[in-house]
Number of protein chains: 2
Amino acid sequence: MTDMARPRHRSSGNRYGNRPTMKDVAARAGVGLKTVSRVVNGEPGVTPETERRVQEAIDALGFRRNDSARVLRKGRTASIGLVLEDLADPFYGPLSRAVEEVARAHGALLINGSSAEDPEREQELVLALCARRVDGLVVIPAGDDHRYLEPELKAGVATVFVDRPAGHVDADVVLSDSFGGARDGVAHLIAHGHRRIGFIGDMPRIHTAAERLRGYRAAMEDAGIPVRESWMSLGVTDPERVRRAAEEMLTGPDPVTAIFTGNNRVTVTVIRVLAEHPHGVALVGFDDIELAELLRPGLTVVAQDAAALGRTAAERLFGQLDGDLLVPERIELPTRLIARGSGELPPAP
Amino acid sequence: MTDMARPRHRSSGNRYGNRPTMKDVAARAGVGLKTVSRVVNGEPGVTPETERRVQEAIDALGFRRNDSARVLRKGRTASIGLVLEDLADPFYGPLSRAVEEVARAHGALLINGSSAEDPEREQELVLALCARRVDGLVVIPAGDDHRYLEPELKAGVATVFVDRPAGHVDADVVLSDSFGGARDGVAHLIAHGHRRIGFIGDMPRIHTAAERLRGYRAAMEDAGIPVRESWMSLGVTDPERVRRAAEEMLTGPDPVTAIFTGNNRVTVTVIRVLAEHPHGVALVGFDDIELAELLRPGLTVVAQDAAALGRTAAERLFGQLDGDLLVPERIELPTRLIARGSGELPPAP
C-alpha cells in the first residue's frame with residue numbers, strides 16, 4: 001500500500017509539503033519537465049546521457065512519485081484500463097469508482113473507455129488501450145467473442161471480465177447472480193398475489209438481459225403460471241421503446257397487474273409510465289436507484305452491489321499482476337431484494 | 001463525419017458485413033493480429049519490411065478502420081482524454097457521453113480518468129494521458145494551477161477546460177453560469193416569501209462552489225436580507241457532513257425555512273433530511289436529478305445542461321485540432337430554473 005491508498009482526504013503535508021517534485025528534478029538535471037516525465041514513464045525520445053542525468057537527479061533528491069512502488073519495480077507508472085458499455089448509466093459509477101480505488105491502492109492509474117454497447121468498438125478500445133501499454137484490463141463486454149484478446153492475454157496483459165462473461169476465452173469473470181435475483185424478484189410479486197406479470201428487459205443478446213428473463217420464466221414456472229408472449233418485451237433501453245412496451249402490457253387483452261424491469265434504465269421509464277396510470281401497478285426493478293426510498297410508493301428492487309463487483313474484479317486483476325492467481329475463476333455475487341412498497345402492492349381488481 | 005457519427009444503432013451491414021477486417025489483413029500479410037494493430041496505430045516494434053507487407057495488404061483489401069478519416073490522415077488512431085473529478089457523480093455521465101459522441105463523430109477514441117478531486121492526481125493523470133499520446137484533453141480541473149500543462153500545450157496537445165476554469169494558463173474554458181443560476185434559485189425562494197434561507201455547498205476552493213455561494217449572497221443582498229454565518233455551510237459533499245449542516249440550520253437559534261443546495265450530491269442528502277423533518281422546508285437544488293419530478297414534493301432545481309457542456313467543450317477541442325480556433329475563449333452556458341414544488345413551498349409558520 002502506498003499513500004495513494006487513502007482515497008480522498010490526504011493530509012496537506014503530502015499534497016503541498018516539501019517533497020521534491022518533477023519540477024525540482026527537471027531543474028537539477030537541467031532538462032524540461034516533459035523529459036523527466038518521459039524518463040519516469042519509460043517513454044522513448046530521451047538519449048541515454050539525458051536519462052542518466054535525470055536518474056541522478058531523481059536519486060539525489062529522493063524524488064518519488066505517488067505510485068512509487070510500481071514505478072520503482074517496473075520502471076514506469078502502472079495503469080489499468082476499464083472498458084464500460086455506457087458512460088451515462090449510473091450503475092457503472094460505483095463500479096468504476098471501486099475499480100479506481102483498488103487501482104490507487106496499488107499505485108496504478110485507471111483509464112476508462114466506453115464501447116457504447118458495440119462489439120467492434122469494444123475491440124477497438126481494448127486494443128487501443130493495449131497499444132497504450134496498460135498492464136491490465138477490466139472489461140464489461142459488449143461482444144460475445146473475445147478471441148481477439150488472445151494475443152494480448154498471451155503477451156501477459158492481465159484481464160478480468162465483469163458484469164457479463166467473456167466469450168471463447170478462458171478468463172476471470174465476476175458477475176452478479178442475474179438469474180437468481182430476477183427469480184427472487186418475480187417470486188416476490190407472485191407471493192403478493194400477482195399472476196399476470198410483465199417483463200421488460202434489455203436486448204436478449206446481452207447476457208444479463210437473457211439471464212434475468214430466464215429468472216422471470218423460472219419463477220413463473222415454479223408457480224405454475226403459463227407465460228404469455230405479450231408479457232415479455234426485450235429490446236433497447238431507449239425510453240420510447242420501453243414506454244411503448246409498458247403501455248402495451250397495461251392495456252392489452254391480458255393486462256398485467258405487475259411489472260418486473262430488467263435494469264435501472266428500464267425501471268426509470270416504467271416508474272414514469274406507472275405514475276400516470278390510473279390503477280396501482282406493482283413494480284420490482286433489477287438494480288437499485290438513488291432516492292428509490294423516497295418515491296411514492298417506495299421502489300422495491302433487486303439490488304446488485306456494483307461497488308463489490310468493481311472491487312472484486314480489480315482485486316482479481318492485481319492478483320493476476322502479482323502472479324498470485326493462475327486459474328481463471330467465475331465469481332458470482334449475490335443480489336439482495338429490498339422491499340419498499342412498489343413490489344408489495346396487491347393486484348388491482 | 002465517418003460512420004462513427006451514428007452513436008448506437010449502426011446497421012448490421014457495417015458491423016457484421018463483408019468489410020475486410022484486421023484479421024483479413026493479418027492473414028493476407030502472413031502476420032499476427034497484434035502486428036497489424038501496431039502498424040495501424042503507428043506503434044513501434046515492427047520491422048520496415050513487415051510494415052510494408054501489412055500496408056500492401058491494407059491497400060489490396062481496402063481495409064479501413066471505423067475511424068479511418070483520422071487514421072489515414074495521421075497514421076494512427078486519434079484519441080482524446082477526459083479528466084473527470086468523480087466517476088460516481090451522475091452529473092458527469094451525460095457530460096462524458098456527449099464528449100464521447102463528438103469524439104466518435106470525429107473518428108477518435110475517448111479515454112477517461114478521474115482526479116478524485118486531488119490536484120496532484122489530476123496532474124499525474126493528465127501527464128500520463130499525454131505520455132500515452134492523446135491528441136487532445138478535456139479537463140474538469142481539481143487544481144487551480146495548470147502551469148504544469150504549458151510544455152504539453154506548447155507541444156500542441158489541444159486542451160479545453162470544462163465545468164471549472166483553468167488556472168494560470170490561457171486555454172479554452174466552457175462553464176455553466178453558476179453565479180447567475182444560484183442567484184436565480186435563491187431569488188425564487190425569496191419570491192415565495194422566504195427570508196431565512198440556508199446555503200449548503202461544496203468546498204470553497206472549488207470554483208463552482210464559490211460562484212454559487214456568491215450567487216446566494218447576491219440574491220440575499222438584492223432583497224436587502226442580512227445573511228447570518230450560521231446559514232452558510234461549505235465543505236465536502238460527504239453525506240454525514242451535509243446532514244449535520246442541514247440539521248444545524250433547521251434547529252439552530254435562527255432556523256431556516258428554505259435551503260439552497262450547491263450541487264446534486266448535496267441535494268440528495270438534504271432531500272433525505274427534509275423527508276424526516278416535521279415542517280415543510282422549501283428546497284431548490286443546483287443540478288437536476290433523475291426522477292426529481294416524481295418526488296413529493298417535486299424537486300425544484302437550477303438545471304445545468306451537462307450534455308451541452310460536454311458537447312461544446314469537445315467541439316472546441318476538435319476545432320483546435322483542426323486548426324480552426326486560435327484564440328482561447330471562455331464560454332458560459334445558461335442554467336434553467338425548473339419549478340416542481342419544493343421551491344414553491346411557503347415558509348412554515
Side-chain angles (χ1 to χ4, degrees), chain A residues 4 7-10 15 22-23 32-34 37-38 41 43-44 65-67 77 79 86-90 92-94 96-97 100 104 109-114 116-121 124-125 127-133 148 151-152 155 236 268 271-272 275 289-291 293-296, chain B residues 4 7-10 15 22-23 32-34 37-38 41 43-44 65-67 77 79 86-90 92-94 96-97 100 104 109-114 116-121 124-125 127-133 148 151-152 155 236 268 271-272 275 289-291 293-296:
Chain A
M4 298 308 289
R8 277 189 93 133
H9 307 298
R10 294 158 55 208
R15 197 186 292 165
M22 276 218 229
K23 273 190 194 157
L33 201 57
K34 178 73 194 170
S37 159
R38 284 206 178 102
N41 288 305
E43 295 292 324
R65 290 184 60 157
N66 283 325
D67 45 357
T77 309
S79 63
D86 180 356
L87 292 171
D89 184 337
Y92 296 117
S96 303
R97 188 147 76 176
E100 185 185 46
R104 296 184 81 173
L109 282 173
L110 176 67
I111 299 174
N112 288 335
S114 156
E117 205 62 272
D118 175 342
E120 196 177 335
R121 184 84 181 168
E124 183 182 36
L125 188 59
L127 294 179
L129 290 172
C130 290
R132 284 165 181 79
R133 303 192 307 144
Y148 71 85
E152 309 297 337
V236 293
V268 164
I271 289 173
R272 293 195 170 114
I289 284 181
E290 189 160 57
L291 297 178
E293 78 279 17
L294 294 183
L295 297 170
R296 292 290 170 270
Chain B
M4 300 307 288
R8 279 187 92 133
H9 310 296
R10 294 157 56 211
R15 198 186 290 165
M22 276 219 231
K23 272 192 197 157
L33 202 58
K34 176 74 194 169
S37 159
R38 283 205 179 103
N41 289 302
E43 296 290 322
R65 291 184 58 158
N66 282 326
D67 46 358
T77 310
S79 63
D86 180 355
L87 293 172
D89 184 335
Y92 295 117
S96 304
R97 189 149 75 176
E100 183 184 47
R104 295 185 82 173
L109 280 174
L110 176 66
I111 299 175
N112 287 334
S114 156
E117 204 63 272
D118 175 342
E120 195 177 335
R121 184 83 182 169
E124 183 182 36
L125 187 59
L127 294 178
L129 290 171
C130 289
R132 283 165 180 79
R133 304 192 307 145
Y148 72 83
E152 310 297 337
V236 293
V268 164
I271 290 171
R272 292 194 171 115
I289 285 182
E290 189 160 57
L291 298 178
E293 78 279 17
L294 293 183
L295 297 169
R296 292 287 170 271

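Using a 4.5 Å heavy-atom cutoff, the side chains of A/Asp89 and B/Arg97 are not in contact. Between A/Leu125 and B/Leu109 the shortest side-chain heavy-atom distance falls below 4.5 Å. Taking 4.5 Å as the limit, every side-chain heavy atom of B/Leu110 sits out of range of all side-chain heavy atoms of A/Asn112. Residues A/Leu291 and B/Arg272 form a side-chain contact, since some pair of their non-hydrogen atoms from C-beta on lies under 4.5 Å apart. In this structure the side chain of B/Glu152 reaches within 4.5 angstrom of the side chain of A/Lys34, judged on heavy atoms.
Rounded to the nearest 0.5 angstrom, A/Ser114 OG and B/Ile111 CD1 are separated by 12.5 Å. Between the CD1 atom in A/Ile271 and the CD atom in B/Glu293 there is a gap of 9.5 Å [rounded to 0.5 Å].
Between A/Ala116 and B/Arg104, the shortest heavy-atom distance links the atoms CB-NH1, 3.1 Å.
When each of B/Pro94, B/Pro90, B/Gly113, B/Ser96 is scored by its heavy-atom pairs under 4.5 Å with chain A, the top score falls to B/Ser96.
With a threshold of 4.5 angstrom between heavy atoms, A/Leu294 approaches chain B through its backbone and through its side chain.
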